[in-house]
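Just so you know, ligand 1 is whichever comes first in the structure, and atom 1 is the first atom listed for that ligand.
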Amino acid sequence: MATDNRFEKLAAEGIRGLYPYVPGKPIDELEREYGIRDSVKLASNENPLGPPQSAIRAITAGHHELALYPDGGGFHLKQALAKKLCVEDSCITLGNGSNDVLVLLAETFLTGESEAVVSQYAFVVYQLAVQAVGATLRVAQANPAGHRQAYGHDLESMQSQITAKTRMIFIANPNNPTGTWLASDALEQFIGSVPDDVIIVVDEAYSEYVEESAYPNALEWVARFPNLVVTRTFSKIYGLAGLRVGYSVSHPDIAALLNRVRQPFNVNSLAQLAAIAALSDDGHVGRSRRINSEGLADLEKGLSELGFTVIPSVGNFVLVDMGQAAGRYYEALLQAGVIVRPVGNYGLPNHLRITVGLKEHNERLLAGLETIVSSGNGE
Ligand SMILES: *Cc1c(COP(=O)(O)O)cnc(C)c1O
């Protein structure tokens, strides 16, 4: 990284090559910079319904515990997850968001000598976690643009990147930012073919949204493949991104190793309480899923009608090819008070990633784009 940072040379080698993660633009920042109000954020795949009321009640009732350290073992949340997911609680590792678990995995299993494999266009946090520990990242070619799962993971290509030094493979199913997914048969076969000294991380951050019948539940494979780790989060369908709770399910011996590296109080007490409440709130999850599938269909239709190429998505967001450098659309939408996500950092300079919002949010986005298109501003 070209920099005039005077301490650059002192930084660990992995850190020297790193670029910080760029989050979606916060609403408050947009409104300060542009002097506008009532803007909408469709940039970080958050739940437009907000957190479940049950979680808010749990936090309100739990605030008197704030002077105390949280339960570092997360006993009650792990019990609730174990029951819900039908796994042993010894298989669960809690994280400050699933991002935390992804970093713990890299810190636990990768060194400067080892390699990790990801797909081109895979969720960027994998790359950051691998580079930070000085390991080498091997990037497998993704599916080409015209493919049924355009820009999605190509498992054969990932397989071909495995060497004797490979210790970890990250697979996002579905993947962010592409919205593409892998079917049960293909993924199961791939996992079975990976050498057992390679940890396979299947990131299911959006699994609760997926409605395809061939979409797998990788948790069912954890007992059979001891090198498989499945991560999930409360940030997406559960609507708790601000509280930071995620988890992994793995062989208990992997969980025990992660537990050595994990900060003792990595999940705060309110997050634990809210997550327990959200987990059993089937009503909120059902509403979120319904609103998403309607909104996703509306967005895919509206965007296509405007002449943009939409990559079919099974998540709560959609990747759109704007047909030219996407920056002007991004800027014009910001001025119209709609924040979306440019993905040039993924090597997709012509694309935007748009989170599915409530009906009125999606309509506002489409109306904003229509104005840009008809004014020729995007030309
Ligand atoms: C959003 C997201 C996560 C979850 O992040 P948290 O740290 O749990 O908020 C993980 N993986 C993917 C692919 C994501 O898009």
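Residue-environment remark: CZ (R224) exceeds the threshold of 12 foreign heavy atoms within 6.0 Å.
Using a cut-off of 4.0 Å between Lys/Arg side-chain N and Asp/Glu carboxylate O, R244 and D100 are scored as not salt-bridged. Looking at E115 and R138, a side-chain N of the basic residue comes within less than 4.0 Å of a carboxylate O on the acidic one, giving a salt bridge.
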Starting from the N and O atoms of ligand 1, find every protein N or O within less than 3.5 Å and list the pair with its distance.
residue, atom, partner, partner atom, Å
ligand 1, 7 (O), S98, N, 3.2
ligand 1, 7 (O), N99, N, 2.9
ligand 1, 7 (O), R244, NH2, 2.7
ligand 1, 8 (O), S98, N, 2.7
ligand 1, 8 (O), S98, OG, 2.8
ligand 1, 8 (O), T233, OG1, 2.5
ligand 1, 8 (O), S235, OG, 3.4
ligand 1, 9 (O), S235, OG, 2.6
ligand 1, 9 (O), R244, NH1, 2.8
ligand 1, 9 (O), R244, NH2, 3.3
ligand 1, 11 (N), D203, OD1, 3.3
ligand 1, 11 (N), D203, OD2, 2.6
ligand 1, 15 (O), N176, ND2, 2.7
ligand 1, 15 (O), Y206, OH, 2.6
ligand 1, 15 (O), K236, NZ, 3.3

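With ring centers used as reference points, H351 lies under 6.0 Å from Y151.
Residues Y21 and R341 come closest through the heavy atom pair OH-NH2, 3.2 Å.
Checked against F170 for a ring pair (Phe, Tyr, Trp, His ring centres under 6.0 Å), the options Y126, F123, F109 give a single hit: Y126.
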